[in-house]
Amino acid sequence: MSSATAPNEPAVAGLPVPVNCKTVGRVTVDNALLSARGVNVFYSGKQAIQEVSIDISRNEVLAMIGPSGCGKSTFLRCLNRMNDTIEGARVTGSIVLDGQDIYDKRQDVVQLRARVGMVFQKPNPFPKSIYENVAYGPRIHGLAADRVELDEIVHTSLQRAGLWDEVKDRLNNPGTSLSGGQQQRLCIARTIAVNPEVILMDEPCSALDPIATARIEDLIDELRASYAIAIVTHSMQQAARVSQRTAYFHLGDLIEVGETDRIFTNPRHKLTEDYITGRFG
Amino acid sequence: MNRSVAETRERVEKSLKRRRWAELRFKTYGLCAVLLGLSFVVLLFGSLIAQGWSAFRQAYVVIEVHYDPAVLNPEGTATADDLAVADYAALVRTSLKTRFPDVEGRAATKQLAALVSNSAAQTMQKRLAEDPKRMGQRETLRVLASDKVDQLLKGRIDRTVPEADRAVSDQQLAWIDALVKDGSLSLAFNKGFFTQGDSREPEQAGVWGAVVGTLYTLAMTLALSFPIAVAAAIYLEEFARRNRWTDLIEVNINNLAAVPSIVFGLLGLAVFLNIFGMPRSAPLVGGLVLTLLTLPTIIIASRAALKAVPPSIREAALGMGASKVQMVTHHVLPLAMPGILTGTIIGMARALGETAPLLMIGMVAFIVDVPKGLTDPATVLPVQIFLWADSPERAFIERTSAAILVLLLFLVVMNATAVILRNRFERRW
Ligand SMILES: Nc1ncnc2c1ncn2[C@@H]1O[C@H](COP(=O)(O)OP(=O)(O)O)[C@@H](O)[C@H]1O
Ligand SMILES: [Mg+2]
């Protein structure tokens with residue numbers, strides 16, 4: 001497989017895919033921001049995912065679906081090196097962000113995580129005020145020169161997360177006093193406050209009711225204009241609603257990647273088809 | 001198996017009865033245990049207060065003294081140093097003899113003088129040194145009565161036993177009654193108990209020296225053990241990888257917490273005193289030894305507190321790009337603080353009650369002066385209690401109980417501080 005590189009784009013966009021890649025469909029995109037090639041993850045020697053190669057592009061939502069335990073979260077956590085925090089976890093292969101190998105020794109994880117933000121399955125606001133939750137990232141990364149600027153960042157972040165109107169009168173209330181859906185939007189606001197390039201979301205709606213879920217889905221669609229987004233979801237409907245590309249994982253293998261519409265209407269791999277049609281999962 | 005609904009109901013009903021009964025029984029057991037524990041506490045405090053309360057009052061005699069130059073400075077050439085060692089006891093004797101003019105002979109005079117504590121002479125000496133113009137003057141002084149008089153007034157010496165078996169003679173009884181009658185001998189608040197150090201004479205013995213020694217020792221212990229233990233706990237819990245070494249350290253910390261405290265005392269004696277040559281009986285060394293003792297307790301409690309912080313908070317912080325140190329100091333530590341403080345207080349309370357290791361490093365020495373620093377010889381409350389409990393004089397019995405009350409007060413204050421600090425840190429969002 002090869003990808004056509006736009007003339008004015010750096011050559012990294014077309015990072016070669018290992019020959020042993022058995023994934024069905026096109027894993028590469030033109031204009032890739034983040035490229036994983038031949039990624040394996042081992043937990044204390046036990047392999048969790050094998051030879052995963054895929055590109056994530058700007059202004060696009062990539063959905064990762066698959067039965068539980070197939071390694072979606074594991075792969076997602078490779079992309080901002082959250083697996084580093086798990087003892088016994090080992091990652092091989094290469095993941096390149098904008099031409100830079102993120103597993104390189106010289107790569108600073110702090111800097112990486114400022115560029116690749118993450119939203120977790122269970123809303124996990126800090127036990128601090130709403131304001132402090134959003135201000136925390138800009139503070140530690142030194143993004144605001146003074147209080148006025150910080151206020152501005154908090155304001156815009158909450159606004160973009162669609163939370164401003166609901167919390168503008170109680171910025172000093174604890175973040176944990178919000179409802180589940182509001183908490184998750186607060187976590188999103190917190191993530192976009194440091195202006196990342198990629199946002200990773202691990203089943204961000206699995207703990208939320210349908211209305212809160214719909215709000216988050218709308219939000220994801222809006223955020224796509226500015227960020228590359230990778231979302232893990234156990235809901236195929238959600239994948240179909242929010243994503244442009246979908247990747248199907250099965251027992252640690254990346255089985256199939258393609259345009260979301262195509263995957264759901266015309267899956268090429270037998271396993272994908274079985275999953276889509278609800279034969280297992 | 002197919003059971004009818006009615007039959008199932010009936011069976012459930014039956015089991016329900018049994019469960020209710022079991023629940024009731026369990027509640028009763030619990031209540032009994034609580035009541036039993038409570039009654040022991042009441043018993044302890046009751047007996048301590050009954051025994052020790054009287055130590056907070058003390059018998060004082062009012063005497064009229066004369067700073068007689070003929071006794072203090074017979075040749076008229078005495079320097080300040082000579083005046084410091086002059087025979088003030090004779091002046092106290094004279095003052096008493098003026099009060100009871102019919103006392104004759106050495107033996108009777110000695111008996112009369114025994115009514116007043118020998119601190120009376122010291123009081124006179126101090127007052128003269130303060131103001132040399134008092135020489136030749138007379139003044140009325142309120143001085144300590146002797147411990148026997150004190151005990152008699154508190155009803156701890158039985159007047160009805162034969163004179164030979166009594167600590168106070170019939171003659172002395174008559175004098176005491178006369179003094180009480182004219183109001184010059186009475187019980188009053190025992191200020192000396194709270195302002196003075198230890199003494200061989202029970203009526204002069206105070207708890208302040210031990211309180212200050214305890215404060216210095218505990219301050220030293222806290223200043224060392226809290227930062228070291230918290231740092232160790234954070235390192236082990238948040239930074240160290242689990243391997244054979246950390247397992248070994250963990251096992252050893254747990255073992256250390258169970259080591260008898262006297263072993264730490266021996267270690268302190270061997271290392272701090274003999275190798276490093278630190279001063280004997282000093283709060284500095286006491287603090288070091290108690291630090292060894294409290295470290296494992298605080299480390300274990302702090303690790304438990306750190307473990308209890310939800311991992312999602314750590315993920316959130318790291319996911320935001322916080323460094324590990326930022327994650328710990330900004331998020332994990334504040335949430336673990338209440339637990340860490342509880343552990344610290346438990347450790348400090350244990351240190352407060354320790355006697356054995358301090359005996360080994362000489363804090364059991366008889367020390368009169370209130371310590372002024374970390375290297376002054378000092379003793380601590382539990383050791384003071386141990387020393388007094390070991391003394392034969394009756395008056396030390398009530399002082400022992402009173403000192404225990406002071407120690408318990410210390411504990412209560414410490415625990416209250418802990419609760420206040422905990423509530424301050426414990427922001428339940
Ligand atoms: N921290 C971990 N330690 C050991 N094994 C893990 C860990 N996290 C996940 N795994 C294993 O890796 C596999 C993939 O898990 P995961 O990525 O969480 O799946 P998914 O998110 O698709 O449900 C599973 O078999 C799981 O048991
Ligand atoms: Mg998962």
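Note that the structure is predicted; figures quoted are calculated from it, not measured. Chain A is the first sequence line, chain B the second, and so forth, proteins listed ahead of strands; every chain is numbered from 1.
Of the two parts of A:Pro125, only the backbone, made up of N, CA, C and O, holds a non-hydrogen atom closer than 4.5 Å to a non-hydrogen atom of chain B.
A:Val110 places none of its side-chain heavy atoms less than 4.5 Å from the side chain of B:Gln326.
Heavy-atom pairs under 4.5 Å with chain B peak, among A:Arg115, A:Met118, A:His141, A:Lys122, at A:His141.
When the side chain to side chain donor-acceptor pair (under 3.5 Å) test is applied to A:Gln182, the partners found at least two apart in sequence or on another chain are A:Glu166, A:Ser179. Among residues two or more places apart in sequence or in another chain, the salt bridge (charged side-chain N to carboxylate O under 4.0 Å, His left out) test is passed with A:Asp108 by none.
Counting heavy atoms of neighbouring residues, nucleotides and ligands inside a 6.0 Å radius, atom CZ of B:Arg9 does not exceed 12 of them. The number of heavy-atom neighbours closer than 6.0 Å to OH of B:Tyr235, taken from other residues, nucleotides and ligands shown, is 12 or below.
For residues 237-260 of chain B, a heavy-atom distance under 4.5 Å to chain A picks out B:Ala240, B:Arg241, B:Arg242, given by residue number. Within residues 307-320 of chain B, the residues having any heavy atom under 4.5 Å from a heavy atom of chain A are, by residue number, B:Ser312, B:Ile313, B:Glu315, B:Ala316, B:Ala317, B:Leu318, B:Gly319, B:Met320.
Taking the six-membered ring where the residue is Trp, B:His331 and A:Tyr136 present perpendicular rings, their angle passing 60° and hence far from 30°.
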